[in-house]
Protein chains: 2
Amino acid sequence: MSTTPVNLALTVDRSSPVPLYFQVAQQLEHAIETGRLEPGSRLGNEIELAGRLGLSRPTVRQAIQSLVDKGLLVRRRGVGTQVVHSQVKRPLELSSLYDDLLAAGQRPTTSVLRSATGPASAAVAAALGIAEGAEVVTVERLRSAHGEPIARLLNHLPVGLVRLETADLEATGLYRLMRAAGIILHSARQTVGARAATAAEGALLSESEGAPLLTMERVSFDDHGRAVEYGTHIYRATRYSFEFSLLVRP
Amino acid sequence: MSTTPVNLALTVDRSSPVPLYFQVAQQLEHAIETGRLEPGSRLGNEIELAGRLGLSRPTVRQAIQSLVDKGLLVRRRGVGTQVVHSQVKRPLELSSLYDDLLAAGQRPTTSVLRSATGPASAAVAAALGIAEGAEVVTVERLRSAHGEPIARLLNHLPVGLVRLETADLEATGLYRLMRAAGIILHSARQTVGARAATAAEGALLSESEGAPLLTMERVSFDDHGRAVEYGTHIYRATRYSFEFSLLVRP
DNA sequence: GTCAATCGTTTGTCCTGACATACTTACTTG
DNA sequence: CAAGTAAGTATGTCAGGACAAACGATTGAC
């Protein structure tokens, strides 16, 4: 009944600049992903593990804790640490449509429909937390895959954060450009809903008027807490859906 | 230019069974939520803070770390720890429609349309990771608020996990019943999409045929990694949307 | 005047040691 | 034989200390 003891070959390189706890966490994560550590199997207890690696218990704990936070391990007092067996891979990320499509093996293309600088409307100003009428950059794009339109992306950014060249926008995703400009994304607030397509939206997305669309509104914040982007996007429901895992925080 | 020093009255109760780091974290979180700790303000450095509280630095660090994980604080080496100023409140939770509606001040009501035990279809078995034909409990419910239908909830659970009485299901939410039965939710995988309502669905939800519906599919796992619930739900797009915050993991 | 090096500050990492608490198992008792 | 009890085991919490690394600002050089 009790799970296997598990003997795992772990090593650490003390001359490496990579933190020791991180080295351990990486090796454990790799062992889990390759199946060497089977779901449900128990890790040796922390003290024994620390002794085997020549590390202190806090360091081993830190390594384990990082994997618990990722949802790969579960610890129980008096029992031990076990590998979770589930399909849950990574908790979730601020998904970028561009990267999502790339990962799915599709070849996303983008065409810039509009790119302008002007005063912020009341709604945009409220979302970005700036004064109404302040200058914002507005970009409207059509994202397609295999020649089929997938979504219409409408973004608003405070001026001065990123230089948005049409060529860059058509070559890659907005988030990549923001990261390249030194913006460190920290968090976002999203709303996902649905509504019927207007005639114009239907024409743009090769759908008929009244066709169901998936809508997504998002405000992203950088590590200083400033709103750096506000987007209102619509997706063809027949071509796209949001998929994500999440962990339940105790 | 440098942000304010901030003087905060923190105390700890060593006779309390509540962990010290947790006490500190709670007080800091409260101070942030009430605005006593303003966005952008700096916490005193860890060593000084520890000395002021009569705690060790690791304990203070643990408190701060928990708030960093929640997205309320940002630490920078050589700079200090600052309060993030953003609307982001809580990272995200496995949201329960019932609790969502309660929190929104609505009074949700539920009527059980169907509740039966039978062999799992191929799709249900695949989602739950059990053998096709194995016994599962199927529950179909209509969730309303203010007398208006909001969603049709269709859930499948392996038999033996929870006793689902119609009276209980109409009095509270499924997740609450599962928790009460000792099931510890750990993670979930969700897919959110949209599609047009069928005639039957429209009639049930007081919408017309072809009206846009928000769809959500979810498989939930407990802390052993076992799938404990599979749900396919449809929501009236005019009455409901998903809203959630998320943190970008570095 | 502008750019580069230096220095102090603050968090990041790691160590040793100790006790508390929860869960499991095995034993004892009614 | 069943239920309660006790021992064992593993994680949870906390202390105190030490050095490393990164960031910001000041100082110095060209």
Side-chain angles (χ1 to χ4, degrees), chain A residues 1-6 10 12-26 28 40-69 73-84 182 184 223-224 250, chain B residues 1-6 10 12-26 28 40-69 73-84 182 184 223-224 250:
Chain A
M1 165 79 285
S2 78
T3 42
T4 39
V6 176
L10 293 173
V12 288
D13 175 10
R14 298 197 88 102
S15 67
S16 161
V18 178
L20 299 177
Y21 80 90
F22 196 78
Q23 292 184 34
V24 176
Q26 275 187 320
L28 287 176
S41 64
R42 275 210 319 244
L43 257 56
N45 74 57
E46 297 172 350
I47 297 173
E48 180 260 342
L49 238 170
R52 196 140 57 85
L53 281 163
L55 298 173
S56 70
R57 191 181 157 212
T59 303
V60 172
R61 261 185 83 74
Q62 194 175 0
I64 293 176
Q65 187 61 46
S66 69
L67 297 183
V68 171
D69 290 340
L73 297 177
V74 181
R75 354 169 60 148
R76 289 158 189 259
R77 196 188 303 213
V79 179
T81 306
Q82 288 175 288
V83 179
V84 160
I184 301 175
D223 58 347
H224 288 86
Chain B
M1 165 78 289
S2 76
T3 42
T4 39
V6 177
L10 293 172
V12 289
D13 175 11
R14 300 196 87 101
S15 67
S16 162
V18 179
L20 299 177
Y21 80 89
F22 197 78
Q23 292 183 35
V24 176
Q26 275 186 322
L28 288 176
S41 63
R42 274 210 321 242
L43 256 57
N45 74 57
E46 297 171 351
I47 297 174
E48 181 259 343
L49 238 170
R52 198 139 56 84
L53 281 162
L55 298 173
S56 69
R57 189 180 160 214
T59 303
V60 172
R61 261 185 84 74
Q62 193 174 0
I64 293 176
Q65 187 60 47
S66 70
L67 297 183
V68 171
D69 289 340
L73 297 176
V74 181
R75 350 168 67 148
R76 288 158 186 262
R77 198 190 301 214
V79 179
T81 306
Q82 288 175 287
V83 180
V84 158
I184 300 173
D223 57 348
H224 288 86

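Order of the sequence lines fixes the chain letters, A, B, ..., with proteins taken first and strands second; residue numbering starts at 1 for each chain.
Comparing A:Gly78 and B:Ile47, the nucleotide of DNA chain C nearest to each residue sits closer to the 5' end for B:Ile47. Comparing A:Gly80 and A:Pro17 by the nucleotide of DNA chain D whose heavy atom lies nearest to each, the residue mapping closer to the 5' end is A:Gly80.
Contact check, B:Thr81 against C:dT10: no side-chain N or O comes under 4.0 Å of OP1 or OP2.
Using modelled atom types, no side-chain atom of B:Gln82 and backbone atom of B:Leu73 make a donor-acceptor pair closer than 3.5 Å.
For B:Glu46, the side-chain hydrogen bond (donor to acceptor under 3.5 Å, both in side chains) partners at least two apart in sequence or on another chain are B:Arg57, B:Arg61, B:Arg75. For B:Asp223, the side-chain hydrogen bond (donor to acceptor under 3.5 Å, both in side chains) partners two or more places apart in sequence, or in a different chain, are A:Arg76.
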Using a 4.0 Å heavy-atom cut-off to protein, can you give one letter per nucleotide of nucleotides 12-18 of chain D, 5' to 3': B if the base is in contact, S if only the sugar-phosphate is, - if neither? BBSBB-B

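In this structure, the CZ atom of B:Arg42 is 15 Å from the P atom of D:dC23, given to the nearest Å. A straight line from CG of B:Asn45 to P of D:dC23 spans 18 Å, rounded to a whole angstrom.
Of all the heavy atoms in B:Leu20 and B:Asp13, the pair that sits closest is CD2-O, 4.2 Å.
Between the CD atom of A:Gln23 and the CG atom of A:Leu53 there is a distance of 10.0 Å, given to the nearest 0.5 Å. From B:Gln65, atom CD reaches atom OH of B:Tyr21 across 12.0 Å, with rounding to the nearest 0.5 Å.
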